[in-house]
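Letters A, B, ... mirror the listed sequences (proteins, then strands); counts begin at 1. Computed from a predicted structure; not experimentally measured.
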Protein chains: 2
Amino acid sequence: MLKANEDRTSGVVTSGRWGQIYDDLKSAILAHNIAPGTKLPEDELGEVYSVSRTLVRAALQALAHDRLVQLEPNRGAFVAKPSKREAREVFEARAIIEPKVAAMAAAIAKPSDIKVLRRHLDEEHKAIHDGRQGDAVMLSARFHEGIAEIAGQTILTEFVRSLCSRSALIISLYSRRTDTFCESHAHHALVDAIAANSELDASELMTSHLVDLLSGIDVSESAGPQRKLSEILRGV
Amino acid sequence: MLKANEDRTSGVVTSGRWGQIYDDLKSAILAHNIAPGTKLPEDELGEVYSVSRTLVRAALQALAHDRLVQLEPNRGAFVAKPSKREAREVFEARAIIEPKVAAMAAAIAKPSDIKVLRRHLDEEHKAIHDGRQGDAVMLSARFHEGIAEIAGQTILTEFVRSLCSRSALIISLYSRRTDTFCESHAHHALVDAIAANSELDASELMTSHLVDLLSGIDVSESAGPQRKLSEILRGV
DNA sequence: CGCTGAGCAAATGAATCCAATCTTGCGCAG
DNA sequence: CTGCGCAAGATTGGATTCATTTGCTCAGCG
C-alpha cells in the first residue's frame with residue numbers, strides 16, 4: 001500500500017498516533033479510494049481504526065488544514081470538492097512556485113539526488129504500467145516534492161506538497177484525459193535538465209509541464225460544486 | 001486589541017469556538033506578548049479562557065500547523081523559535097511568491113482596493129507612531145495579506161499569511177534594527193505602484209522591500225535555537 | 001393534496017475522567 | 001562532594017460521557 005507515513009503529516013507534529021490515521025486517510029483520498037464529497041463520520045472511522053473519536057477528530061482537523069477534507073460545523077467532515085476556481089488557483093500557485101524551485105534544484109543537485117529522482121520515476125512508471133492510477137498520482141506528487149527537497153527549501157517543499165495533494169484531488173475531479181497524471185516523458189526531461197544543472201531548462205520545463213497538466217483538466221467557468229442540488233434541478 | 005478574528009484561522013474551519021482561543025493566542029504571539037520558547041500548558045490556558053483542555057488542544061494543534069507553536073510529544077506546547085535557517089527560508093519563499101502576487105494585484109487593482117490598502121497604511125502608521133510595535137508587525141502582515149487578497153488568489157493569500165506570521169516571529173527574534181518592521185515609505189511606494197497598475201514596479205518594489213526586511217535581521221550561520229541551555233552556558 | 005410544525009434520531013461539540021510519560025527533587029552509594 | 005537511581009508530582013494523551021445542534025419523519029391543518 002505504498003507506505004507513505006514515514007515522515008508524518010508533513011513534518012508538522014509527530015504527536016501521538018493520530019498521524020497514522022491522518023496518513024491512511026490522506027493516502028485513501030489522494031489515491032481516489034474515497035470519492036470527493038464523501039462523508040467521513042467520526043465514530044465510523046473510530047470503529048475502523050479501533051480508536052476513539054478524539055483521535056479521529058485530530059486527524060480530520062489536520063486534513064482540513066490541508067484542505068483535503070472540509071469540516072462543516074455540526075454537520076461533519078467531508079472529502080473536499082475543490083471548486084473550479086480553486087483548481088485554477090492551485091495551478092496558478094504551482095506555476096509561480098515550482099519553476100523557481102526546479103531552477104534552485106538544478107543549481108545545486110548532486111548525483112545522489114538525481115538517483116533518488118530516477119528511482120521515483122521508475123516507481124511511477126511501474127504504477128502507470130500496472131494501471132494503479134491511484135498510486136500513480138501519489139507518486140507523481142512525491143516526485144514534485146522530491147525536486148523541492150533537492151532545492152533544500154523545506155518551507156517551499158511544504159507548499160509544494162500541499163499543492164500537489166490538492167492537485168491530485170482536482171485531477172480526480174476534473175480530469176478529461178485519463179493519462180493526465182504527469183506524462184512520464186515530461187518528468188524525464190525535467191530530471192535530465194536538473195542533472196545537467198541547467199536552471200533555465202528546468203524552470204521552463206516545469207512551467208510547460210504545469211501548463212500541460214492544466215490543459216488536461218476542465219476548469220471552464222461554471223457553477224461550483226457548492227451549488228445546491230435544488231438549484232441545479234431548477235435549471236438555474 | 002485589534003480584533004483579528006473576523007475570518008477565522010485562515011478560513012479553514014470556523015468550527016466551534018476554539019477559533020477564539022486560536023486567534024487570541026495568535027495575536028499574542030505575533031504581537032510578541034508571549035516570548036518565543038514560552039511553554040503553553042494546556043490546563044493553564046484552559047483556566048484563562050474558562051474552557052476545557054479539549055478546546056485548548058484544538059487551538060494549539062491549529063497553531064502548530066501554522067508553525068507558530070511547536071508541539072513536543074509528552075512535553076507540551078511551546079511558542080515556536082524559528083532557526084536561522086528557517087528564517088532565511090521564509091524570506092526566500094516570500095521573495096519568490098510576493099513579487100508575483102504584487103504584480104498580479106497591480107494588474108487588476110480597483111480604486112476601492114487602493115482605499116483599503118491606504119487605510120491599512122494609516123493604521124500601521126498610527127501604531128508605529130504610538131510605539132505599539134506588536135500591533136505594528138501585525139498590521140504590516142495584514143498589509144501584505146491585503147495585497148494578496150487584491151490579487152484574487154485565495155490560496156496564495158493563505159501562503160502569504162502563513163509566511164508573514166512566521167516573519168513576525170522571526171523579526172521579533174532576530175531583529176537588529178528596531179524599525180525593522182516594514183518601513184512605511186516602502187509600503188507607500190508599493191501602494192502607489194499598485195494604484196498605477198504598473199506590474200513591473202510593484203514586483204520590483206516588493207522584491208527590494210523584502211531584501212530590506214531581510215537585511216534588517218541577523219541570519220548569520222550559527223547554532224540554531226534548539227541548542228540546550230547547558231550548551232550555551234558552557235560557552236560552546 | 002400540499003404545506004407547516006412538532007418530535008425523534010443521529011452525529012458533532014465539549015467536558016470530565018483515567019492512564020501513560022516525563023520532569024524534578026531527594027536520598028544513597030561511591 | 002559528586003553522580004546515579006528512584007519515587008513523587010505534574011502534564012500530556014486518549015477514552016468515555018453528557019449536551020446541543022441538525023436533519024428527517026410524520027401527523028395535523030389549510
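- Remark: T157(A) engages A148(A), E149(A), R161(A) in a side-chain contact (heavy atoms from CB on, under 4.5 Å) (not counting sequence neighbours).
- Residues forming a side-chain contact (heavy atoms from CB on, under 4.5 Å) with A151(B) (at least two apart in sequence, or on another chain): V101(B), M104(B), A105(B), Q153(B).
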Check your understanding: In the 5'-to-3' direction, what one-character label does each nucleotide of nucleotides 5-12 of chain C receive under the scheme B = base within less than 4.0 Å of a protein heavy atom, S = sugar-phosphate only, - = no such atom?
Key -> ------SB
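- Interface residues of residues 44-51 of chain A facing DNA chain C, ordered by number: none; criterion, heavy-atom separation under 4.0 Å.
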Under 3.5 Å, which N/O atoms of the protein pair with N/O atoms of nucleotides 7-10 of chain D?
none

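- With sequence neighbours left out, the side-chain contact (heavy atoms from CB on, under 4.5 Å) criterion links T154(A) to R85(B), E89(B).
- Under the rule for a side chain to side chain donor-acceptor pair (under 3.5 Å), T38(B) has no partner lying at least two apart in sequence or in another chain.
- Among residues two or more places apart in sequence or in another chain, the ring-ring contact (aromatic ring centres under 6.0 Å, His included) test is passed with F78(B) by none.
- Taking the six-membered ring where the residue is Trp, the centroids of H187(B) and H144(B) are separated by under 6.0 Å.
- Remark: S165(B) pairs with no residue by the side chain to side chain donor-acceptor pair (under 3.5 Å) rule, at least two apart or across chains.
- Distance CG (L71(B)) to P (dT12(D)): 10 Å, rounded to an integer number of Å.
- A donor N or O paired with an acceptor N or O is not found under 3.5 Å between the base of dA14(C) and the side-chain atoms of S52(B).
- Scanning for side chain to side chain donor-acceptor pair (under 3.5 Å) contacts around E42(A) gives R53(A), with sequence neighbours left out.
- Residue pairs meeting the ring pair (Phe, Tyr, Trp, His ring centres under 6.0 Å) criterion with at least one member in residues 149-169 of chain B, sequence neighbours excluded, are F159(A)-F159(B).
- Side-chain nitrogen and oxygen atoms of R17(B) include none within less than 4.0 Å of the OP1 or OP2 phosphate oxygen of dT20(D).
- If you measure from atom OH of Y22(A) to atom C1' of dG14(D), you get 21 Å, rounded to the nearest angstrom.
- Every residue was checked against the side chain to side chain donor-acceptor pair (under 3.5 Å) condition with R119(B), not counting sequence neighbours, and none meets it.
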